[in-house]
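Inspection log for the structure reproduced underneath, given as structure tokens.
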Amino acid sequence: MILVTLGTQKFQMDRLIQAVDQLAEKVSEEIFVQSGNSTYVPEHCRSKNFVDAQEFQRMIEDCSLLITHSGVGTIMRGISAGKPVIVVPRLARYHEHVDDHQVQIAEAFAGKGCILYCDDLAKLEDAVQTARTCSFSPYQAPESNVEDIILDFLHSTK
């Protein structure tokens, strides 16, 4: 199963759900979308607005691939579970967040080789194919805690 999760933000992220719904018609694997406060209801994927913490952890452990907004906690859960992670940041111009801080988070993790950063949903299918064969680097905690402080601050402003 491919797990798509949008977290618990008060903002929608309909563009990602629409792209995943189109992708579902092209792949043979089941896709489950945790859609949060989005309004688009996928036609070709199972979906639920929210799942409890225990079910969410089970889904991460069971999925073959994780596609997520750029929430640090979700990214770290996917990496810790050894799953390929594709990150599509929420963007202010689509009213998905108040600013574009998720871009910096995605760039930071992608720069370490831990995730794939998908900045163009027209390339989501290619990203899924790449993620299946990509050799991801394990997350290395920074030597100083400056990066952790910044990531914690960015995460707390969601």
Side-chain angles (χ1 to χ4, degrees), residues 1-49 51 56 59-140 147 150-151 154-155 157-158:
M1 164 195 61
I2 297 172
L3 174 61
V4 180
T5 180
L6 303 180
T8 58
Q9 293 290 322
K10 65 181 179 179
F11 304 101
Q12 59 76 33
M13 198 169 179
D14 290 338
R15 71 184 174 99
L16 177 55
I17 300 172
Q18 290 170 339
V20 168
D21 203 23
Q22 293 171 358
L23 176 68
E25 294 184 280
K26 300 174 184 176
V27 297
S28 58
E29 189 171 7
E30 174 188 17
I31 299 177
F32 180 87
V33 178
Q34 179 271 308
S35 58
N37 287 303
S38 298
T39 56
Y40 181 86
V41 178
E43 296 177 23
H44 308 288
C45 310
R46 286 190 314 117
S47 68
K48 197 171 181 182
N49 292 95
V51 295
F56 182 69
M59 293 174 107
I60 289 210
E61 291 168 6
D62 291 346
C63 75
S64 65
L65 172 66
L66 175 64
I67 300 173
T68 184
H69 70 113
S70 198
V72 174
T74 304
I75 293 169
M76 289 303 299
R77 282 184 178 195
I79 291 170
S80 296
K83 303 301 176 175
V85 179
I86 297 173
V87 174
V88 180
R90 292 175 176 275
L91 300 174
R93 73 175 171 254
Y94 298 115
H95 309 288
E96 297 166 343
H97 219 300
V98 296
D99 60 27
D100 289 339
H101 73 275
Q102 288 196 350
V103 171
Q104 288 86 19
I105 293 169
E107 289 172 344
F109 279 100
K112 293 177 177 271
C114 302
I115 58 106
L116 285 179
Y117 170 27
C118 182
D119 63 352
D120 180 355
L121 286 173
K123 298 178 182 174
L124 182 60
E125 185 177 0
D126 292 337
V128 168
Q129 296 306 320
T130 300
R132 299 218 183 271
T133 59
C134 188
S135 219
F136 291 95
S137 299
Y139 177 76
Q140 296 291 322
E147 185 176 345
I150 293 168
L151 289 173
L154 291 173
H155 184 64
T157 60
K158 292 183 193 176

Heavy-atom pair of closest approach, residues Arg90 and Gln102: N-OE1, 2.8 Å
Atom pair NE2/CE of His97 and Met13 - distance to nearest 0.5 Å: 10.0 Å
Sub-6.0 Å ring centroid separation between Tyr94 and Phe11: no
Val103 backbone acceptor or donor facing Ser70 side chain under 3.5 Å: no
Met76 and Phe109, any side-chain heavy atoms less than 4.5 Å apart: yes
CD1 on Ile2 to CD1 on Ile31, rounded to 0.5 Å: 4.5 Å
Shortest non-hydrogen separation from Pro89 to Cys118 and the atoms involved: CD-O, 4.0 Å
Side-chain donor or acceptor of Asn49 paired with backbone N/O of Ser35 under 3.5 Å: no
Distance in Å, Leu116 CG paired with Ile86 CD1, rounded so as to fall on 0.5 Å steps: 5.5 Å
From CD (Glu43) to CD (Glu25), nearest 0.5 Å: 8.0 Å
Sequence neighbours excluded - side-chain hydrogen bond (donor to acceptor under 3.5 Å, both in side chains) pairs with any residue from residues 14-24: Asp14-Thr39, Arg15-Glu96, Asp21-Tyr40
His44 atom NE2: more than 12 heavy-atom contacts under 6.0 Å: yes
Smallest separation among heavy atoms of Lys112 and Ser137, with atom names: O-CB, 3.4 Å
Asp100 versus Leu91, closest heavy-atom pair with distance: OD1-CA, 3.3 Å
Pairwise distance CD(Gln34) to OG(Ser47) - rounded to 0.5 angstrom: 10.0 Å
Minimum heavy-atom distance between Leu65 and Ala131, given as atom pair plus value: CD1-CB, 3.7 Å
Closest non-hydrogen atom pair between Ile115 and Ala106, with its separation: CD1-O, 3.7 Å
Beyond-backbone contact of Ile60 with Leu3, side-chain heavy atoms, under 4.5 angstrom: yes
Straight-line distance of Cys45 SG to Phe32 CZ, nearest 0.5 Å: 10.0 Å
Min side-chain heavy-atom separation Leu6-Ser38 under 4.5 Å: yes
Side chain Lys26, main chain Glu125, donor-acceptor under 3.5 Å: no
Given Val85, Val87, Thr5, the one that forms side-chain contact (heavy atoms from CB on, under 4.5 Å) with Thr74: Thr5
